[in-house]
Amino acid sequence: MSKNSKIKINSRYFPGAIEKKWSKKWQEKGMNEFDFSSKKPKYYNLVELPYPSGDLHLGHWFAFTPADAHARYKKMNGFNVFFPNGFDAFGLPAENAAIKRGIHPKDWTMQNIQNMTKQFETMGTMIDWSHEVITCLPDFYGWNQWIFLKMFEKGIAYRGKALSNWCPVDQTVLANEHIEGGKCWRCGSEVIQKEVEQWFLRITDYADRLIWPEDNSSKSDGEKDTASNEPVDWPDQVKEGQNNWIGKSEGMLLEFSVINKGDNNGLNIDSIKVFTTRPDTTDGATFLVVAPEHPFAREIKQKDVSEYIKEAQKKTEMERKEDRTKSGVFTGAYVKNPVSGKDIPVWVADYVLAGYGTGAIMAVPFADERDREFARKFNLPIEETDFKAKPEGEKTVNYHLRDWSISRQRYWGTPVPIIHCEKCGLVPVPYEDLPVELPYNVDYTPKGKPPLATDEEWLNTKCPKCQGAAKRDAETLDTFFDSAWYYYRYVSPHFEKLPFDTKEVAELMPVDVYFGGSEHTLGHTLYARFFTKFFKDIGLVGFDEFARKRVQHGVILGPDGNRMSKSRGNVVNPDEIVKEYGADTVRLYLCFMMPYEATAPWSTEAIGGMYKFLWRVWNLIQVWLSTDRIQDNADINHEYIRIKNRTIKKVGEDLENFHFNTAISAIMIYFNEFSKNLEKTISKDEINTLILLLAPFAPFITEELWHLVNPNAKSVHLQPWPGYDEKYLLEEEVPVAVQINGKLRDTVRIRNSELKIQNKVEEEIKKSEKVQKYLEGKKILKVIYVEGKIINFVVS
RNA sequence: GGGUGAGUGGCGGAACGGUAUACGCGAUAGUCUCAAAAACUAUUGGCCGCAAGGUCUUGAGAGUUCGAAUCUCUCCUCGCCCACCA
């Protein structure tokens with residue numbers, strides 16, 4: 001643009017109108033619809049599906065908009081990008097909220113979905129809603145039931161009885177992951193222990209296959225993506241976390257025979273088995289401890305023992321874990337240490353867990369701190385061990401991972417497709433009768449029995465086997481069951497023969513990148529991997545891992561640095577900010593404010609800076625348009641060419657690697673170069689590059705500007721990503737830092753053509769007065785030269 | 001207790017063996033204005049100095065290196081996840 005003394009702006013930047021306009025146009029054109037027939041390489045861009053809580057909050061914006069920028073970048077790079085979304089619509093929170101407000105959970109949920117879908121529109125993502133999945137609709141949960149029945153057939157789903165975490169207010173069983181500090185994650189009430197019969201998934205059968213290999217280059221099950229034969233790229237944090245959670249430990253089962261069988265009130269057990277990972281310390285075992293729930297403990301008729309057991313059972317598991325002071329009683333029984341040959345006493349104590357190993361341990365106070373603490377408290381002997389014992393025993397493997405309890409005594413979930421017949425037992429609902437629909441008119445308030453059990457009409461049915469009277473299973477499935485496979489359903493959301501079209505899934509999956517929160521490291525993503533391995537076993541898919549790459553985002557805290565919560569009053573409402581600044585500004589700020597994986601507070605002031613930036617971009621282009629339009633590449637400005645190429649490279653690499661913040665910073669630097677030198681000519685190509693680089697982040701303003709600059713062109717989001725050429729990256733003169741003994745003393749500009757020749761560089765640098773001053777009278781011992789960057793003189 | 005990530009200006013952060021503090025926010029001064037806001041311009045890690053310049057600085061301390069925010073060790077602090085797992 002030629003010299004213009006006064007900046008005249010023809011039109012001002014009003015994000016509201018622009019965003020509404022383009023949102024509508026894109027929708028009309030079906031811009032975001034995935035094209036299955038395309039020959040371009042596919043790219044499945046997945047974000048964890050949101051829970052329909054009522055309103056989109058800032059966390060949703062933070063999860064979705066950088067992911068959208070990545071997807072848009074991929075699309076501009078020639079990929080056929082699949083970016084679907086849906087709603088995780090079943091579950092307790094909906095039910096609780098519905099009870100509180102007196103609305104039916106379904107109505108409440110569907111209203112929220114409608115509302116949130118509208119809010120999603122303002123976000124300007126390229127989500128293809130034609131593949132939407134809503135998990136509370138029979139179209140989806142019927143396939144939950146199908147999968148459940150397959151698992152039942154294979155023995156993966158089974159009915160078991162277990163001491164479970166029970167929330168007395170929500171009237172439901174809770175998974176360990178849903179207890180926070182001994183309290184229910186939803187309602188905050190104290191969790192108690194209760195024996196409950198329920199459905200389990202035998203995830204422990206898959207424990208070994210779910211373990212991530214230590215070395216990513218080896219070739220066992222799980223670490224290679226069989227479809228592409230490329231290593232699966234998940235953060236170490238997740239891999240380590242899951243491996244620890246699975247907690248495989250190899251050890252030995254040792255048998256200790258009871259010495260004084262028969263005495264002590266007719267004790268009738270021959271031996272006690274213990275699990276140990278350190279059989280080499282067996283000679284140091286000076287006593288045995290069994291958990292209060294252990295059968296041996298129950299055999300003991302001594303009054304102090306039975307009283308101790310009673311006391312221990314009153315406590316919840318959580319209370320036991322919180323109270324770390326050791327307690328226990330002597331049972332009067334002795335066993336023989338197979339290595340030392342000594343008779344050692346058997347105690348009952350609640351620091352031993354019934355659910356791990358055999359529920360009994362050999363205590364080696366010399367080697368184990370907990371055992372030592374116990375021994376000290378009760379004056380039991382501590383004997384040194386030389387770690388050389390080799391007792392005989394059965395080698396075994398124990399896992400920390402337990403089978404996944406999927407039963408919920410609640411209304412708002414997938415009905416378990418099983419019929420309880422007095423004659424035939426557990427009878428699966430025939431596949432052709434699926435889905436077992438969740439009845440609408442049910443009293444879903446908590447009663448201590450599953451709400452579905454109160455609907456007699458629904459409950460009573462015929463046994464498919466004997467045609468006799470039978471009852472449906474009144475429980476519903478954990479919603480983590482839904483989220484374990486929803487991303488398969490996205491591919492073919494209306495497929496009627498199977499949970500998903502296996503052909504299409506083979507083409508589109510595995511997922512290329514899966515964005516989500518780190519809170520799902522141990523629950524959701526582990527279940528999703530488990531389901532994928534099950535699908536492989538029943539021949540539905542050909543790969544082991546459902547997602548090639550996992551990217552976990554951090555958390556946006558309130559402006560005060562605390563987690564946003566209504567009670568703190570520090571919740572930032574994205575709708576209000578969008579109203580004030582427009583979605584592009586919010587998107588830009590969320591991408592720019594911090595690294596995607598970081599956790600940092602929202603800043604009410606800093607977002608203004610993003611708005612200002614877009615405003616300045618808008619103005620610059622308005623000015624450019626209002627002056628004589630410069631023909632393409634007229635008056636080539638070499639400095640601009642260099643910085644343009646450098647910026648294209650940087651922004652592309654950053655978007656590829658999810659470094660959204662530095663990508664935007666690079667665009668700002670590029671922009672500043674122009675706005676600081678308004679007297680210099682800017683070519684159309686340079687303006688277009690600015691718009692194209694910004695397009696993934698700020699889709700609305702860039703679309704508007706693109707059409708102003710290129711009136712007859714297609715959408716900016718259908719344009720190819722600009723290319724760069726390495727040969728333009730180098731400056732004609734490069735500043736080389738000069739160090740004397742490692743301290744920076746000067747920088748000298750060296751001609752590009754001379755950079756490779758160290759002698760010439762040294763010669764140039766020694767011309768500098770400053771350098772001369774430091775070298776005067778010194779002997780140069782060594783010179784280290786890093787081409788184009790730094791030269792270090794080591795002097796005496 | 002175990003695992004894992006992180007400590008850099010007033011703030012969010014950049015650089016991750018080669019010119020520390022990019023980019024943004026905030027702050028200060030100026031231009032414009034009756035005035036204010038906005039916008040624009042300049043300055044903005046500390047200390048010494050009128051200046052040129054010097055000097056110190058990436059939680060603390062040591063080490064490796066020509067050169068360390070970056071690698072190694074010890075310690076301190078914080079976040080997240082798990083937690084009496086034998």
Side-chain angles (χ1 to χ4, degrees), chain A residues 7 176-177 235-245 247-249 251 274-278 281 285 289 291 317 320-326 349-353 355-364 367-371 373-374 398-402 518-519 521-522 552 554-555 557 561 588-589 592-595 597-610 612-613 615-616 619 659 661-669 671-672 675-676 735-748 770 781-795:
Chain A
I7 294 176
N176 280 333
E177 297 94 281
D236 287 344
Q237 202 185 336
V238 177
K239 291 185 186 174
E240 289 292 320
Q242 293 192 346
N243 283 358
N244 287 338
W245 180 252
K248 182 179 186 172
S249 54
V274 304
F275 173 75
T276 180
T277 52
R278 298 300 303 273
T281 64
V289 188
E317 199 176 340
R320 278 201 221 174
K321 282 172 183 172
E322 271 165 22
D323 179 15
R324 279 165 180 264
T325 54
K326 297 278 180 293
D350 67 1
Y351 82 95
V352 173
L353 305 175
Y356 186 78
T358 62
I361 62 152
M362 63 173 198
V364 186
D368 187 287
E369 218 176 288
R370 294 154 304 182
D371 297 344
E373 199 189 317
F374 192 80
N398 246 300
Y399 298 93
H400 170 226
L401 184 73
R402 302 201 199 160
S518 53
E519 69 274 22
T521 295
L522 298 182
Q552 296 197 337
V555 182
L557 305 172
L588 206 64
Y589 179 56
F592 179 72
M593 68 185 283
M594 60 185 184
E597 64 280 6
T599 291
W602 176 267
S603 160
T604 321
E605 289 100 38
I607 188 166
M610 291 300 106
K612 200 165 80 178
F613 173 67
W615 208 77
R616 292 171 72 209
N619 286 356
H659 299 156
N661 56 335
T662 48
I664 290 170
S665 135
I667 297 172
M668 286 173 167
I669 293 168
F671 168 81
N672 288 344
S675 75
K676 273 181 201 156
V736 172
V738 185
Q739 292 184 341
I740 315 285
N741 283 346
K743 288 209 168 187
L744 181 76
R745 294 303 177 188
D746 198 9
T747 52
V748 177
K770 271 194 213 165
L781 303 172
K782 200 175 174 187
V783 181
I784 291 112
Y785 174 57
V786 182
E787 196 187 306
K789 287 212 162 146
I790 198 160
I791 189 158
N792 190 8
F793 293 96
V794 185
V795 299

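The figures here come from the full heavy-atom set of this structure, side chains too, leaving out hydrogens, waters and symmetry mates. Note on naming: letters A, B, ... go to the chains in the order of the sequence lines (proteins, then strands), and numbering restarts at 1 for each one.
When the nearest nucleotides of RNA chain B are assigned to A:Pro601 and A:Lys782 by heavy-atom distance, the more 5′-ward of the two goes with A:Pro601. Judged by closest nucleotide on RNA chain B, A:Ser603 is the one of A:Ser603 and A:Lys770 placed further toward the 5' end.
Following rounding to the nearest Å, A:Met594 (CE) and B:A15 (P) show an atom-to-atom distance of 16 Å. At whole-Å resolution of the value, CG in A:Asp746 and P in B:A52 are 15 Å apart. Look at CG on A:Asn243: it is 14 Å from C1' on B:C82, rounded to the nearest Å. Atoms NE2 (A:His659) and P (B:G12) sit 20 Å apart, rounded to a whole Å. A:Asn741 places its CG atom 15 Å from the P atom of B:U65, with the value rounded to the nearest Å. Going from atom CG of A:Leu353 over to atom P of B:A83 covers 11 Å, rounded to whole Å. The distance from atom CE of A:Met593 to atom P of B:G12 is 10 Å, rounded to the nearest whole Å. When rounded to the nearest whole Å, the span between OH of A:Tyr399 and P of B:A86 equals 14 Å.
Closest heavy-atom contact between A:Ile784 and A:Val794: CD1-CG2, 4.1 Å. Across all non-hydrogen atoms, the minimal contact from A:Leu353 to A:Ala291 is C-CB, 4.0 Å.
Straight-line distance between the P atoms of B:G49 and B:U43: roughly 23 Å, to the nearest whole Å. Of the P atoms belonging to B:A51 and B:U44, the separation is 13 Å, rounded to the nearest Å. Annotation: B:C56 and B:U64 have their C1' atoms spaced 23 Å apart (nearest Å). One C1' atom belongs to B:A22, the other to B:U4, and the distance between them is 29 Å to the nearest Å. When the P atom is compared between B:C76 and B:G67, the two are found 29 Å apart, to the nearest whole Å. Atom C1' of B:U19 sits at a distance of 14 Å from the matching atom of B:A68, rounded to the whole Å. Between B:C66 and B:G17, the distance separating the two C1' atoms is 12 Å to the nearest Å. If you take atom C1' in B:U70 and the same atom in B:A6, they sit 14 Å apart, rounded to whole Å.
Atoms CD1 and CE, on A:Ile664 and A:Met593 in that order, are 11.5 Å from each other to the nearest 0.5 Å. Taking CH2 of A:Trp602 as the start and OH of A:Tyr589 as the end, the distance is 6.0 Å to the nearest 0.5 Å. With rounding to the nearest 0.5 Å, the separation of CE in A:Met668 from OG1 in A:Thr662 is 12.0 Å.
Glycosidic conformation at B:G49 (O4'-C1'-N9-C4 for purines, O4'-C1'-N1-C2 for pyrimidines): anti, more than 90° from 0.
Side-chain proximity of A:Ala600 to the nucleotides B:G12, B:A86, B:G26 is greatest for B:G12. Among the nucleotides B:A14, B:C84, B:G26, the one closest to any side-chain atom of A:Glu605 is B:G26.
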- Note on the structure: A correct 5'-to-3' footprint of nucleotides 17-24 of chain B, with B, S and - meaning base, sugar-phosphate only and no protein heavy atom under 4.0 Å, is -BB--BBS
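Looking at A:Ile791 and A:Val786, their side chains never come closer than 4.5 Å, going by heavy atoms from C-beta outward. The closest side-chain heavy-atom distance from A:Met362 to A:Thr281 is below 4.5 Å. Side chains of A:Arg278 and A:Val364 form no contact here, defined as non-hydrogen atoms less than 4.5 Å apart. Counting only heavy atoms from C-beta outward, the side chains of A:Thr521 and A:Gln552 approach each other to under 4.5 Å. Between A:Arg616 and A:Asn672 the shortest side-chain heavy-atom distance falls below 4.5 Å. Annotation: side chain of A:Ile790 is not in contact with side chain of A:Asn792 (no heavy-atom distance under 4.5 Å).
Look at A:Lys239 and you won't find any side-chain N or O under 4.0 angstrom from OP1 or OP2 of B:C81.
Both key distances under 3.5 Å define a Watson-Crick or G-U pair, and stretches of 3 or more such consecutive pairs in RNA chain B run B:1-7 with B:76-82, B:10-12 with B:23-25, B:26-31 with B:39-44, B:45-48 with B:53-56, B:59-63 with B:71-75.
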Could you pull out the protein-nucleic contacts involving nucleotides 2-9 of chain B (nitrogen or oxygen on both sides, under 3.5 Å)?
| residue | atom | partner | partner atom | Å |
| --- | --- | --- | --- | --- |
| B:G3 | O2' | A:Asn244 | ND2 | 3.0 |

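Between A:Phe592 and A:Phe613, the gap from one ring centroid to the other reaches at least 6.0 Å.
Aromatic ring pairs are classed by plane angle as parallel below 30°, tilted from 30° to 60° and perpendicular above 60°; the pair A:Phe374 and A:Tyr351 is tilted.
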